[in-house]
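Please read all numbers here as calculations on a predicted model, not as lab measurements.
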Amino acid sequence: MKKIVLMMCAMAMLVNLCACGAKGFDKKDMSLSEYDGVAVNELVQMFIKQKTVTDATEQVTLFIENLSDKDFSFDAASRLEVNIDGSWYLIPPKSDAMTMQLYHLTANGSEETVFNFAGNYDKLPEGSYRIVKLFVDTDGNQALAEAQFSIGRG
């Protein structure tokens with residue numbers, strides 16, 4: 001009887017392991033982010049306004065705050081990345097289409113923008129994620145900002 005129970009437990013664990021691998025990302029099929037290991041700046045900070053992000057979230061509102069006395073500009077491009085084994089990997093969107101607008105973030109100012117998951121990405125599995133935006137000041141210096149979030153079991 002013990003052998004049967006032990007075999008059933010082993011089978012259940014094997015099924016769970018197979019299911020986890022099928023749902024997650026495989027880093028062999030992904031490209032390492034060029035911002036992996038790059039320090040996030042202290043001048044421009046970005047936060048997700050929603051308290052909770054789930055696999056059913058269709059969009060989030062990003063609050064961007066300029067803590068410096070310099071003006072920054074940024075475009076509509078945002079990147080979604082996933083952390084796999086301590087490194088950040090780019091999650092490619094379904095479409096590369098975006099508007100070619102240039103936005104301005106005034107010194108000590110703030111802005112809000114929307115990041116859309118719906119239509120751009122498949123349902124996200126459990127994991128640690130970040131949205132990354134690049135900002136450029138009037139001297140051409142770049143500042144990298146990120147907003148991190150996790151998707152876990154409900």
Visitor: Report the residues that fulfil side-chain contact (heavy atoms from CB on, under 4.5 Å) with Asp26, sequence neighbours left out, ordered by chain and then residue number.
Guide: Lys28, Asp29
Visitor: Kindly write out the residues that satisfy ring-ring contact (aromatic ring centres under 6.0 Å, His included) with Phe72, not counting sequence neighbours, or none if the list is empty.
Guide: none
Visitor: With the side chain counted from C-beta on, respond yes when Leu124 and Val53 share a heavy-atom pair under 4.5 Å apart, and no when they do not.
Guide: no
Visitor: Please tell me whether Glu65 and Ser110 have a donor and an acceptor in their side chains that are separated by less than 3.5 angstrom.
Guide: no
Visitor: Check whether Ile151 and Ile91 end up in the same hydrophobic cluster, where Ile, Leu, Val, Met, Phe, Trp and Tyr are linked by side-chain heavy atoms less than 4.5 Å apart.
Guide: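 The answer is yes; both residues are in one hydrophobic cluster.
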Visitor: Working to the nearest 0.5 Å, report the span between CG of Leu102 and OG of Ser73.
Guide: 4.5 Å
Visitor: Working to the nearest 0.5 Å, report the span between CG of Asn41 and CG of Leu67.
Guide: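 Rounded to the nearest 0.5 Å, the CG-CG separation comes to 8.5 Å.
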Visitor: List, by chain and then residue number, the residues other than Val114 in its hydrophobic cluster (Ile/Leu/Val/Met/Phe/Trp/Tyr, side-chain heavy atoms under 4.5 Å); write none if there are no others.
Guide: none
Visitor: Is a side-chain N or O of Asn108 found less than 3.5 angstrom from the main chain of Asp69, in a donor-acceptor match?
Guide: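 No, the answer is negative, given that no donor and acceptor are paired below the 3.5 Å cut-off.
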Visitor: Please name all residues satisfying side-chain contact (heavy atoms from CB on, under 4.5 Å) with Thr113, sequence neighbours left out, ordered by chain then number.
Guide: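 By the side-chain contact (heavy atoms from CB on, under 4.5 Å) rule, Thr113 matches Leu62, Ile64.
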Visitor: Answer with yes or no whether the hydrophobic clustering places Leu134 together with Tyr103; edges join I, L, V, M, F, W, Y residues whose side-chain heavy atoms lie under 4.5 Å apart.
Guide: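 No, Leu134 does not connect to Tyr103 through the hydrophobic network.
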Visitor: What residues, two or more places apart in sequence or in another chain, satisfy salt bridge (Lys or Arg N to Asp or Glu O under 4.0 Å) together with Asp122?
Guide: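 By the salt bridge (Lys or Arg N to Asp or Glu O under 4.0 Å) rule, Asp122 matches Lys94.
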Visitor: Kindly write out the residues that satisfy side-chain contact (heavy atoms from CB on, under 4.5 Å) with Ser128, not counting sequence neighbours, or none if the list is empty.
Guide: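 Partners of Ser128 by the side-chain contact (heavy atoms from CB on, under 4.5 Å) criterion, ordered by chain and then number, come out as Asn83, Ser150.
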Visitor: What residues form a salt bridge (Lys or Arg N to Asp or Glu O under 4.0 Å) with Asp55, not counting sequence neighbours?
Guide: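 Asp55 satisfies salt bridge (Lys or Arg N to Asp or Glu O under 4.0 Å) with Lys123 once adjacent residues are dropped.
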Visitor: Using distance only, find each side-chain donor-acceptor pair of residues 137-147 under 3.5 Å and give its atom names and separation, not counting sequence neighbours.
Guide:
| from | atom 1 | to | atom 2 | distance (Å) |
| --- | --- | --- | --- | --- |
| Asp137 | OD1 | Asp139 | N | 2.9 |
| Asp137 | OD1 | Gly140 | N | 3.0 |
| Asp137 | OD1 | Asn141 | N | 2.8 |
| Asp137 | OD2 | Asn141 | ND2 | 3.2 |
| Asp139 | OD2 | Lys70 | NZ | 3.1 |
| Glu146 | OE1 | Arg130 | NH1 | 2.7 |
| Glu146 | OE2 | Gln148 | NE2 | 2.8 |

Visitor: What distance do Asn66 atom CG and Glu111 atom CD have between them, rounded to the nearest 0.5 Å?
Guide: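 That separation rounds to 10.0 Å.
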Visitor: So do the side chains of Glu81 and Ile131 get within less than 4.5 Å of each other, counting heavy atoms only?
Guide: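 No, their side chains stay 4.5 Å or more apart.
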Visitor: Are Tyr129 and Tyr89 connected, step by step, through hydrophobic side chains (Ile, Leu, Val, Met, Phe, Trp, Tyr) whose heavy atoms are closer than 4.5 Å?
Guide: yes
Visitor: The criterion is ring-ring contact (aromatic ring centres under 6.0 Å, His included); which residues satisfy it with Phe117, sequence neighbours excluded?
Guide: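 Counting only residues at least two positions away or on another chain, Phe117 forms a ring-ring contact (aromatic ring centres under 6.0 Å, His included) with Phe115, Phe149.
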Visitor: Quick one: are Phe25 and Ile84 in side-chain contact, heavy atoms under 4.5 Å?
Guide: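 SC-SC contact between Phe25 and Ile84 confirmed.
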Visitor: Can you name the salt bridge (Lys or Arg N to Asp or Glu O under 4.0 Å) partners of Glu34, sequence neighbours left out?
Guide: Arg79
Visitor: Could you see if Leu32 belongs to whatever hydrophobic cluster contains Val40? Use Ile, Leu, Val, Met, Phe, Trp, Tyr and a side-chain cutoff under 4.5 Å.
Guide: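 No.
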Visitor: Could you state the interatomic distance from CG (Leu80) to CG (Asn120), rounded to the nearest 0.5 Å?
Guide: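 Answer for the CG-CG pair, Leu80 versus Asn120, is 9.5 Å.
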Visitor: Please list, one pair per line, the donor and acceptor atoms closer than 3.5 Å that link side chains of residues 42-52 to other protein atoms, with sequence neighbours excluded.
Guide:
| from | atom 1 | to | atom 2 | distance (Å) |
| --- | --- | --- | --- | --- |
| Lys49 | NZ | Glu112 | OE2 | 2.7 |
| Gln50 | OE1 | Thr61 | N | 3.1 |
| Gln50 | NE2 | Gln59 | O | 3.3 |

Visitor: Applying side-chain contact (heavy atoms from CB on, under 4.5 Å), name anything that partners Pro93, two or more places apart in sequence or on another chain.
Guide: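 Pro93 satisfies side-chain contact (heavy atoms from CB on, under 4.5 Å) with Asp96, Tyr121 once adjacent residues are dropped.
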Visitor: Minimum heavy-atom separation for Lys133 to Ser78, with atom names?
Guide: NZ-OG, 2.9 Å
